[in-house]
Amino acid sequence: MEECIFCKIINGDIPSKKVYEDDVVLCFEDINPAAPVHVLVIPKKHIKNLNEMSNEDSNIIAHIFSVSRDIAKKLDIDDNGYRIVMNCGEDGGQEVEHIHFHMLGGRNLSWPPG
Ligand code: AMP
Ligand code: ZN
């Protein structure tokens, strides 16, 4: 966990462009944006991925979606729409092993993804 890049961002050891923060979550701009709006929403609690999430943590995930709704409005992508993506494990393309949700918007996103 000490080596977790997102825990380091939460702790302020690595800088980030913060979009929103509260006691439970941190939201910041993705360093390599895949869309005009690309925000990562992460819990402050280190959870590796969905496989490692306990039922007791489901309130954190619910909160993440409430926050994501508010961020969409704040960044003015709510009307045009957006996509929330969570990659899990190797086949899912998860690179950072701290659960996170990508919020993508600002252009028409193709479907299905690659
Ligand atoms: P994933 O492939 O789902 O694990 O996504 C990890 C995301 O974290 C990628 O979109 C990266 O661009 C992003 N990322 C990695 N390091 C940083 C960083 N220091 N600040 C912001 N975003 C980052
Ligand atoms: Zn972490």
Side-chain angles (χ1 to χ4, degrees):
M1 206 196 295
E2 291 91 56
E3 293 306 309
C4 173
I5 187 173
F6 284 178
C7 283
K8 286 181 177 171
I9 288 175
I10 291 163
N11 293 337
D13 294 337
I14 294 176
S16 68
K17 290 188 177 170
K18 212 175 285 182
V19 174
Y20 173 81
E21 180 175 19
D22 63 25
D23 290 346
V24 179
V25 300
L26 178 67
C27 313
F28 54 96
E29 291 179 13
D30 195 292
I31 203 166
N32 186 21
V37 174
H38 189 169
V39 172
L40 298 174
V41 185
I42 72 173
K44 289 191 170 176
K45 179 177 179 180
H46 180 90
I47 301 168
K48 182 179 171 187
N49 60 32
L50 192 60
N51 294 333
E52 304 289 318
M53 196 199 86
S54 69
N55 289 346
E56 289 69 42
D57 289 334
S58 58
N59 59 329
I60 297 175
I61 306 300
H63 183 64
I64 282 173
F65 275 85
S66 297
V67 165
S68 300
R69 175 203 57 207
D70 294 344
I71 288 173
K73 195 170 174 59
K74 180 177 171 178
L75 300 180
D76 201 26
I77 56 171
D78 53 334
D79 284 343
N80 281 349
Y82 50 93
R83 182 173 297 158
I84 295 175
V85 175
M86 187 216 61
N87 298 324
C88 182
E90 196 176 337
D91 280 359
Q94 183 180 11
E95 287 176 1
V96 178
E97 294 190 328
H98 178 131
I99 196 169
H100 53 278
F101 294 78
H102 300 254
M103 275 194 81
L104 300 153
R107 68 170 167 83
N108 197 273
L109 302 158
S110 61
W111 187 263

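As the structure lists them, so they are numbered: ligands from 1, and atoms in each ligand from 1. What's counted below: heavy atoms across the whole structure, side chains too, no hydrogens, waters or symmetry copies.
Ligand 1 places these atoms under 4.0 Å from at least one heavy atom of G93: 1 (P), 2 (O). Of all atoms in ligand 1, listed by their number and element, those nearer than 4.0 Å to a heavy atom of F28 are 21 (C), 22 (N). Near F6, meaning under 4.0 Å from any of its heavy atoms, are these atoms of ligand 1: 8 (O). Near I9, meaning under 4.0 Å from any of its heavy atoms, are these atoms of ligand 1: 18 (C), 19 (N), 20 (N). Atoms of ligand 1 lying under 4.0 Å from any heavy atom of H102, numbered from 1 in the order shown and given with element: 1 (P), 3 (O), 5 (O), 7 (C), 10 (O).
Looking at N49, D30, N32 and measuring to atom 13 (C) of ligand 1, the nearest heavy atom belongs to D30. Of the listed options Q94, E97, H100, H100 places a heavy atom closest to atom 5 (O) of ligand 1. The closest heavy-atom contact to atom 14 (N) of ligand 1, among the options V85, I14, I31, L104, comes from I31.
The two atoms that bring D57 and K45 nearest to each other are OD1-NZ, 2.8 Å, heavy atoms only. The minimum heavy-atom distance linking P43 with I60 is given by the pair CB-CG2, 3.6 Å.
Heavy atoms from other residues, nucleotides or ligands lying under 6.0 Å from CG of D91 number 12 at most. Crowding of D70 atom CG: a count of heavy atoms from other residues, nucleotides or ligands under 6.0 Å exceeding 12.
Heavy atoms of E29 come nearer than 4.0 angstrom to ligand 1 in at least one pair. Within the structure, ligand 1 lacks S16 among the residues with a heavy atom less than 4.0 angstrom away.
Considering only heavy atoms from C-beta on, I61 comes within 4.5 Å of F101 through its side chain. The shortest distance between side-chain heavy atoms of L109 and Y82 does not fall below 4.5 Å. Counting heavy atoms from C-beta outward, I84 and F65 have side chains that approach closer than 4.5 Å.
Between the Zn ion (ligand 2) and the N, O or S atoms of H98, the shortest distance is to ND1.
Protein heavy atom in closest approach to atom 4 (O) of ligand 1: E95 N, 2.6 Å. In this structure, the protein non-hydrogen atom closest to atom 16 (N) of ligand 1 is I5 CD1, 3.7 Å.
Between the SG atom of C4 and the ND1 atom of H46, the angle centred on the Zn ion (ligand 2) amounts to 110° when rounded to 10°.
Between H102 and H100, the ring centre distance stays below 6.0 Å.
Linking ILVMFWY residues whenever their side-chain heavy atoms come closer than 4.5 Å, directly or via other members, places L50 and M103 in the same cluster.
The backbone N or O of K48 sits less than 3.5 Å from a side-chain atom of Q94, completing a donor-acceptor pair.
The shortest N or O to N or O distance between L40 and ligand 1 is not under 3.5 Å.
The part of N87 lying near ligand 1 is the side chain, judged by heavy-atom distances below 4.0 Å.
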